[in-house]
Amino acid sequence: MEVMEQLTGMIESFLFIVGDEGLTTKQLTVLTEREAVEVIEALDLLHASYEARGTSGITLKLLGGAYRLVTKSEFAEDLKRLLENPSSKSMTQASLEVLAIIAYKQPVTRVEIDDLRGVKSEGPINTLIAKGLLTEKGRMEGSGRAILYGTTALFLDRFGLGSLDALPPLLQEEANEGVDTDLFMTKFQEAFAMENDGGGEGS
Amino acid sequence: MEVMEQLTGMIESFLFIVGDEGLTTKQLTVLTEREAVEVIEALDLLHASYEARGTSGITLKLLGGAYRLVTKSEFAEDLKRLLENPSSKSMTQASLEVLAIIAYKQPVTRVEIDDLRGVKSEGPINTLIAKGLLTEKGRMEGSGRAILYGTTALFLDRFGLGSLDALPPLLQEEANEGVDTDLFMTKFQEAFAMENDGGGEGS
Amino acid sequence: MSYKVKLEAFEGPLDLLLHLINRLEIDIYDIPMAELTQQYIEHLQTMRVLQLDELSEYLVLAATLIEIKSKMLLPVHEGEEFDDDMEFDMEDDPRDELVARLIEYRKYKEAAINLKESADERSDYFTRTPGDLSVFGEVIISEMEDSLSVFDLIGAFQKMLDRKRLKAPLTASIMKTERSVGEKMNEIMATLERSSGVCDFHSLFEEGDRSDLVLTFLSLLELMKRRNILVEQHGNFDELTVSFRREGE
């Protein structure tokens, strides 16, 4: 029983982290290093526990083959208040992310910004243009002719900067630019590391 | 009771959606349209229920003034295995020293930090600013108008602190205020302390 | 003194001094100045590779140490006659200021260690990226507060990097672990079984996408290491052959 509880908790922590994409039974089997039957049993247990608990705001849903944690539908109306309420910082965070990317990388296209953030940035970009903090800085060479964005004088003014050079340097940690890590290299390095440490698993 | 359960569930659904942004008690009060006391009670209930449940993979934490849902530490190893490179490079000793000085003495100028450490601290300060852990907290009065530094909410989050008050107290200075050490008194106190803890050295 | 000191091990002159005090088991409230000064200067000599600007900070403290040492050797008391067995005046101990600085610095050095511990502890808790609000209705981008500064910009950027760290490798590792080396190793052993214990190295790489090929290659390496199989080549540029390794080989 305790083993099952532990597996259930582990699965919940995995599902919590992956967010909207969810995980398939197969993925969970690989990740937890357990048998599929155990994983399914744990998922049932998790679901039952969400449903039984009146204090639970979330539950487990199977959508498109993947299990994901979602908020209970009874709170959908309440959650709408997050949209209206400016006290939730996530909207500010989105705007600030976009602004930071553009400030440091300008001129930059929307696609590049989307890539960096991993989410669509059209909304924040438009809002920031409307506020006069961003502006179009011409078009990219080539077929697409994508719009290039940059910051405005108002941006410098609002953030108390004399010029763009006054931006404090950013710390680009361990060059995680191209996150689609070359699979071969990764695998190869792993194997190489294994060779070197004598192939210990839990090294 | 049922009302309380419902509020707890609602809070959980809010915290789930905002994720790493977290929500303050104040924000939760606005969002749930309830009284602060009720919100606090519900938060307690939520926390207790996470901790009591063995099947739970997540729990509630106050970090940088905001409540956040986080995975339980017992699953850290499993999650780290999954994330391959979960932690950013650990900080240098110099950065940690500078951060400690600023955390406890803020707002503080660079000169004060330099004096305390006996070395220039400009490099570590800039790195910490770039990491988003430090911020300018205005300027000193007077001719120099030196920049005053302080820590950010991100600092509290990264260091697992609910607020600045959660910083552990600084090392006790064996009761010598102006350090015009009265040698006799020191010796006496040492002897006295030894009497009291049975003379254990490595306590 | 024959021990070697690593430069990077010290965060400055005060750090070095504290290190010496600990190593020599000196009472910080009653520092034997002559001994400490000598040790300190010896250390500086072994640290000659120091950058000049860094060295200057160490030298300033060396000068301070020497000054204190000399003051202690010549306790001059104004308006008083020299007394042979004069008691040392504790009120004006020339070491006071140094001791105060050392103690103050030690406090924060200690605090830095604690901070590191709490950061390590914190790294055991993972949170999630915010959910998609657009499922609840139209997202209105709220007004930005007026009080925002460049530092908020940097904070937002750092947070974004964090989220990426959480997301990107996760999906990658899920994809990668979809087929494990262990599974592939079994496959290779089965192939060998079917071809009566020997097959061409090439034939194992005839199908699959790039990641499959990598997996096959790694599985072969692992099987070789575990001494399950033998990969041989009879001459330069000959075809490699893979075979079961017999006991005792």
Side-chain angles (χ1 to χ4, degrees), chain A residues 1-2 4-19 31-33 42 45-46 48-50 53-59 69-79 81-82 84-93 160 168-174 176 181 186 190 202, chain B residues 1-2 4-24 26-33 42 45-46 49 53-59 66 69-72 74-79 81-85 88-89 126-132 134 136 153:
Chain A
M1 182 53 207
E2 231 170 71
M4 206 60 214
E5 276 199 354
Q6 208 258 349
L7 179 60
T8 309
M10 195 195 294
I11 287 176
E12 187 181 36
S13 74
F14 284 152
L15 291 173
F16 177 74
I17 292 297
V18 294
L31 292 172
T32 56
E33 298 175 342
L45 194 63
L46 192 59
S49 122
Y50 287 135
R53 238 176 316 130
T55 55
S56 179
I58 55 178
T59 187
L69 298 184
V70 295
T71 50
K72 280 190 178 167
S73 55
E74 60 191 281
F75 298 112
E77 279 306 307
D78 299 299
L79 287 165
R81 286 199 289 273
L82 270 175
E84 303 141 20
N85 213 298
S87 65
S88 78
K89 285 243 188 66
S90 54
M91 288 304 107
T92 311
Q93 164 76 15
L170 267 189
L171 211 70
Q172 291 278 16
E173 271 174 90
E174 54 237 279
N176 43 8
T181 350
T186 316
E190 272 169 21
Chain B
M1 183 53 206
E2 230 171 72
M4 205 61 213
E5 275 199 353
Q6 208 257 349
L7 178 59
T8 309
M10 193 196 295
I11 287 175
E12 188 182 37
S13 72
F14 277 128
L15 291 174
F16 177 79
I17 288 293
V18 299
D20 61 17
E21 296 287 343
L23 289 167
T24 62
K26 204 174 148 201
Q27 287 169 330
L28 279 169
T29 311
V30 175
L31 287 167
T32 56
E33 300 175 338
L45 196 64
L46 192 59
S49 116
R53 236 174 319 128
T55 57
S56 179
I58 56 177
T59 188
L69 297 185
V70 297
T71 55
K72 280 189 177 167
E74 61 192 278
F75 301 111
E77 284 311 309
D78 300 297
L79 287 162
R81 183 161 45 82
L82 188 76
L83 296 173
E84 281 176 3
N85 185 20
S88 47
K89 266 177 283 169
N126 289 338
T127 311
L128 291 166
I129 287 175
K131 283 190 172 174
L134 291 187
E136 288 183 16

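Just so it is clear: chains get the letters A, B, ... in the order the sequence lines come, proteins before strands, and each one is counted from 1. From a predicted model like this one, the values you see are computed outputs, not experimental measurements.
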Straight-line distance of B:Leu31 CG to A:Leu82 CG, nearest 0.5 Å: 5.0 Å

Straight-line distance of B:Glu74 CD to A:Gln6 CD, nearest 0.5 Å: 6.5 Å

Closest approach of A:Pro169 to B:Ala130 (non-hydrogen atoms, all atoms of both residues): O-CB, 3.1 Å

Options B:Leu7, B:Thr24, B:Leu69, ranked by heavy-atom pairs under 4.5 Å with chain A, top entry: B:Leu69

Contacting region of B:Phe14 [heavy-atom separation from chain A under 4.5 Å]: both

Closest approach of A:Leu45 to B:Thr55 (non-hydrogen atoms, all atoms of both residues): CD2-CG2, 4.2 Å

Sequence-distant partners of B:Glu136, side-chain contact (heavy atoms from CB on, under 4.5 Å), two or more places apart: B:Arg139, B:Ile147, B:Tyr149, C:Phe151

Closest non-hydrogen atom pair between B:Thr71 and A:Phe16, with its separation: CG2-CD2, 3.8 Å

Derivation of the side chain to side chain contact (heavy atoms under 4.5 Å, CB included) call for B:Leu79 and A:Ser13: CA-CA 8 Å; B:Leu79 287 162; A:Ser13 74; 4.1 Å; yes

Region of B:Asn126 in contact with chain A, defined by heavy-atom distances below 4.5 Å: neither

Sequence-distant partners of B:Ser49, side-chain hydrogen bond (donor to acceptor under 3.5 Å, both in side chains), two or more places apart: B:Arg53

Most chain A-contacting option - heavy-atom pairs closer than 4.5 Å, from B:Ser56, B:Ala66, B:Gly132: B:Ser56

Residue B:Ile58 versus chain A: region with a heavy atom under 4.5 Å: both

